[in-house]
Amino acid sequence: MLIPFTQPMDLESTLESGQAFRWRRGQSDSPDHPWFWGVVFDNLVKIRRTEDGVEFFSAPDGEVRLSALLQDYLRLRDDLSSIYQSIDTDERVRAGIDDYTGMRILRQDPWECLISFMCSSASNIPRISKNVEDMGRNFGRPLSLEGQSRHTFPTARELAVAGEARLRELGLGFRAAYVEKVAEIAAEGRIDLFTLREASYDDALAELTALPGVGDKVANCVMLFSLDKLEAFPIDVWIKRALEEWYLSERPGGAKLVARELRPWAQQHFGPYAGYANQYLFHKRRLQGKGARA
DNA sequence: AGCCAGGCCCTCC
DNA sequence: GGAGGGCCTGGC
């Protein structure tokens, strides 16, 4: 099915910029319009950009049923031109926008997003992807589309039943205990992530960081990528480097802001779509590498 | 070999 | 309140 869409939409940077960990490139496809395979809300989806829009296939829900959800997931209703206008305050963001025009923040399943970013502590994207995929394969339910097989991301109950020991076997390391605890909390209904979409930024942050293994950085990722908090501003080592070198190194005395002051500064500086600015700066910085200062 | 990764938590001062 | 070390594991 084709979702007609002529506004900027770059699937490659959107799906491969470290927001989500389940997207894989299809093999032997036309290089101009590669298929991306992934799992979205209990559906196996393959998707690609075409001249006219976004084309996709899905199962077990058919394309007609999944179309609205996918538009939602891809945030096709975000008006990128006005967002760009809002965050384009300097040449650094401008360069990111020029390089990755059409990169969008995703609107993911909050549960999968939370557990995925809990797994990101002191890790890296290939390993996080492996952890998430392994959790699905071992504790989720099978999905198939056109002969390809993947698994749903496990529910809170499924992960709670799995337990720390089995999660450690999958290579989650010290994160396994946190995942088990949070899965138990969610399975018992002691936190409802979807209602946090309606909560204020501060309230959502407080609720999330009360969870074991969830600190300021992970909470901001979850809020940005799944809870509609586009002002969220995750500060990891890449963003910290980028801010310090690109924005703060020339401050009087070269005084560096401590981490606690960094986010308020960024949210003030970049405005209500600070999370979009974050994503463009992060993606550009990460692909440049830690040594690049230009 | 030893250090570091897209953090978090706990202990100390 | 904030600096510093420990934590699983894989990769260089």
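Chain letters run A, B, ... following the sequence lines, proteins first and then strands; every chain starts at 1.
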- Between A:Asn131 (CG) and C:dT9 (C1'), how many Å, whole number? 9 Å

- Selection residues 191-220 of chain A - residue pairs positive for salt bridge (charged side-chain N to carboxylate O under 4.0 Å, His left out), sequence neighbours left out: A:Asp216-A:Arg263

- Minimum-distance nucleotide (side-chain atoms of A:Val218 versus C:dC8, B:dG6, B:dC8): B:dC8

- Message: Under 4.0 Å, heavy atoms only, any strand: does A:Gly215 hit a base, just the sugar-phosphate, or nothing?
- Response: sugar-phosphate

- Pick out which of A:Arg150, A:Arg141, A:Arg65 makes a salt bridge (Lys or Arg N to Asp or Glu O under 4.0 Å) with A:Asp42. A:Arg141

- Task: Determine the Euclidean distance between corresponding P atoms of C:dG6 and B:dG2; express it in Å to zero decimal places.
- Result: 15 Å

- Message: Both A:Pro212 and A:Phe225 contact DNA chain B. Taking the nearest nucleotide for each, which residue is further toward the 5' end?
- Response: A:Phe225

- When all nucleic acid strands are considered with a 4.0 Å heavy-atom cut-off, which category describes A:Leu167: base, sugar-phosphate, or nothing? nothing

- Message: Rounded to whole Å, please give me the gap between NZ in A:Lys240 and P in B:dC8.
- Response: 14 Å

- Task: Measure the distance from CG on A:Leu208 to P on B:dC9 and round it to the nearest whole Å.
- Result: 12 Å

- Touch class at under 4.0 angstrom, heavy-atom based, for A:Pro126 against every strand present: nothing

- Message: Under a 4.0 Å threshold between the charged nitrogen and the carboxylate oxygen, would A:Arg49 count as salt-bridged to A:Glu12?
- Response: no

- Query: Taking atom P in both C:dC8 and B:dT11, what distance in whole Å separates the two?
  - Reply: 15 Å

- Are side-chain N/O atoms of A:Asp98 and A:Tyr280 paired as donor and acceptor at under 3.5 Å? no

- Roughly, in whole Å, what's the span from CG in A:Asn124 to C1' in C:dG11? 8 Å

- Message: Whole angstroms only, please: what is the CG-P distance between A:Asp134 and C:dC8?
- Response: 19 Å

- Scan for side-chain hydrogen bond (donor to acceptor under 3.5 Å, both in side chains) pairs involving residues 115-131 of chain A, sequence neighbours excluded, and state none if there are none. A:Lys130-A:Asp134

- Item | Given C:dC7, B:dC8, B:dA5, the nucleotide with the shortest approach to the side chain of A:Phe174 | C:dC7

- Message: Using a 3.5 Å limit for the pairing distances, which stems of at least 3 consecutive Watson-Crick or G-U wobble pairs does DNA chain B take part in?
- Response: B:2-5 with C:9-12, B:7-13 with C:1-7

- Query: A:Ile235 CD1 to B:dG6 P: how many Å, rounded?
  - Reply: 16 Å

- Item | Side-chain donor-acceptor contact under 3.5 Å, A:Ser67 with A:Gln71 | yes

- Length of the CG-P vector between A:Leu172 and C:dC8, whole Å: 12 Å

- Would you say A:Arg168 reaches C:dC8's phosphate, i.e. side-chain N/O to OP1/OP2 under 4.0 Å? yes

- Message: What's A:Tyr178 touching, base or sugar-phosphate or nothing? Going by heavy atoms closer than 4.0 Å.
- Response: sugar-phosphate

- When rounded to the nearest Å, what value does the distance between P atoms of C:dG2 and B:dG6 take? 26 Å

- Query: Hey, does the side chain of A:Gln19 reach the backbone of A:Thr14 with a donor-acceptor pair shorter than 3.5 angstrom?
  - Reply: yes

- Task: Round to the nearest Å and state the distance from A:Ile125 atom CD1 to C:dG10 atom C1'.
- Result: 15 Å

- Message: So if I apply the side-chain hydrogen bond (donor to acceptor under 3.5 Å, both in side chains) rule between A:Glu55 and each of A:His33, A:Lys46, A:Arg48, which one comes out positive?
- Response: A:Arg48

- Message: Pick the closest DNA chain B nucleotide for A:Asp216 and for A:Arg127 by heavy atoms, then say which residue is nearer the 5' end.
- Response: A:Arg127

